[in-house]
Amino acid sequence: LESCNSFVRAVIMHELTHAYVYLISREMRYLEGISVHPSFPTEVWVIHSHESVGATFVEEGLCEYISERMGEIIPPPRAYRPESMEDLLDPRNRVDIYYKYAVEFLEPLLDSMDFKTGVKMILHNPPPSLDEILDPPTYYSRLKVPVPPPQGNGRNP
């Protein structure tokens, strides 16, 4: 009751957001010709490396962000914030980091633009490194806006 108004609806919204992020990635690649960083899997979501930790972190944060904004999850008064690499990698902190702190980490970007535009920016760039998760301004300082490739004149070369 401290974190969720309606558990089933919150879970459904969270999982639907995973599907929506997947659809955005497909749209970027196949309709807009915008690259999606390879760390963000497009088919099966399995952690493979430390780089994919950042991809998992932001995707779970996106899902929780939507669930919070829809009123399905009650945000904590202040999310747990890891102070060190040990805190970040401690399995006991996983829920607090991936599902609570990740929302706080993403809010500056997502609150400054529409959700879909924010997702595209996140998917186009490499996910945050472990160091960047601990120091969000370093992640935000390197983000680039995805730009579709120029359209040809319709003639074959």
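For reference, positions follow the sequence shown, starting with 1. Small disclaimer: the values here were computed from a predicted structure and weren't measured.
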#### Entry: side chain to side chain contact (heavy atoms under 4.5 Å, CB included) assessment of Glu59 paired with His18
CA-CA 7 Å; Glu59 182 156 351; His18 280 296; 2.6 Å; yes
### Query
Which atom names give the shortest non-hydrogen contact between Leu62 and Val21, and what distance separates them?
CD1-CG2, 4.0 Å
#### Entry: Closest heavy-atom pair and its distance - Met85, Asp131
CE-OD1, 3.1 Å
### Query
Hey, what do you get for CE (Met28) to CG (Leu23), rounding to the nearest 0.5 Å?
13.0 Å
#### Entry: Pair Asp90-Arg92, salt bridge (Lys or Arg N to Asp or Glu O under 4.0 Å): steps then yes or no
CA-CA 5 Å; Asp90 187 336; Arg92 294 173 295 185; 2.6 Å; yes
### Task
Test side chain to side chain contact (heavy atoms under 4.5 Å, CB included) on Tyr20 and Lys116 and set out the steps.
CA-CA 9 Å; Tyr20 184 52; Lys116 187 174 183 179; 3.6 Å; yes
### Query
Hey, what do you get for CD1 (Ile97) to CZ (Phe57), rounding to the nearest 0.5 Å?
8.0 Å
#### Entry: Any donor-acceptor N/O pair, Asn125 side chain to Met121 backbone, under 3.5 Å
yes
## Note on the structure
Heavy-atom nearest pair, Leu110 first then Gly118, reads CD2-CA, 4.0 Å
### Summary
Here the gap from Ser129 atom OG to Leu134 atom CG, rounded to the nearest 0.5 Å, amounts to 8.5 Å
### Validation row: Pro136, Arg81 side chains within 4.5 angstrom (heavy atoms)
yes
### Message
Do Leu123 and Val145 sit in one hydrophobic cluster, given that two such residues count as connected whenever their side-chain heavy atoms are within less than 4.5 Å of each other, even indirectly?
### Response
yes
#### Entry: Shared hydrophobic cluster, Leu31 / Tyr22 (ILVMFWY, side-chain heavy atoms < 4.5 Å)
no
### Query
Where do Glu60 and Tyr98 come nearest, in terms of heavy atoms and distance?
CB-O, 3.3 Å
### Query
Do Thr117 side-chain atoms and Met113 backbone N/O form a donor-acceptor pair below 3.5 Å?
no
## Note on the structure
Correct closest heavy-atom pair for Glu83 and Asp87 would be N-OD2, 3.0 Å
### Query
Say you draw a straight line from CD of Glu86 to CG of Leu89; how long is it, rounded to the nearest 0.5 Å?
7.5 Å
### Query
What closest approach, in Å, do Ile34 and Pro149 show between heavy atoms, and which atom pair accounts for it?
N-CD, 4.5 Å
### Task
Would you check if there is a donor-acceptor pair between the side chains of Tyr65 and Asp111 at a distance under 3.5 Å?
yes
### Task
Check whether any side-chain heavy atom of Tyr80 sits under 4.5 Å from a side-chain heavy atom of Pro82, and report yes or no.
yes
### Task
Apply salt bridge (Lys or Arg N to Asp or Glu O under 4.0 Å) to the pair Glu32 and Lys120, showing each step before the final yes or no.
CA-CA 11 Å; Glu32 298 172 347; Lys120 286 180 178 184; 2.7 Å; yes
### Query
Under a 4.5 Å cut-off applied to non-hydrogen side-chain atoms, are Val58 and Pro128 in contact?
yes
### Task
Apply the test side chain to side chain contact (heavy atoms under 4.5 Å, CB included) to residues Ile122 and Val119: give CA-CA distance (whole Å), side-chain angles for both, the deciding distance (0.1 Å), then the verdict.
CA-CA 5 Å; Ile122 288 167; Val119 170; 5.6 Å; no
### Task
Go through the side-chain N and O atoms of Tyr101 and Asp96 and say whether any donor and acceptor fall under 3.5 Å apart.
no
### Query
Can you list the steps and then say if His14 with Glu72 is a side chain to side chain contact (heavy atoms under 4.5 Å, CB included)?
CA-CA 9 Å; His14 178 102; Glu72 301 300 333; over 6 Å; no
### Message
Side-chain heavy atoms nearer than 4.5 Å, only ILVMFWY residues, links allowed to pass through others: does that put Met70 and Val8 together?
### Response
yes
## Note on the structure
Taken to the nearest 0.5 Å, the spacing of Ile73 CD1 from Glu68 CD works out to 6.0 Å
### Task
Could you give me the CA-CA distance, side-chain angles and deciding distance for Arg69 and Glu64, then say whether salt bridge (Lys or Arg N to Asp or Glu O under 4.0 Å) is met?
CA-CA 8 Å; Arg69 292 309 183 271; Glu64 290 294 291; over 6 Å; no
### More than 12 heavy atoms of other groups within 6.0 Å of Arg142 CZ
yes
### Query
Which distance, rounded to the nearest 0.5 Å, do you find between the OG of Ser35 and the CZ of Phe40?
11.5 Å
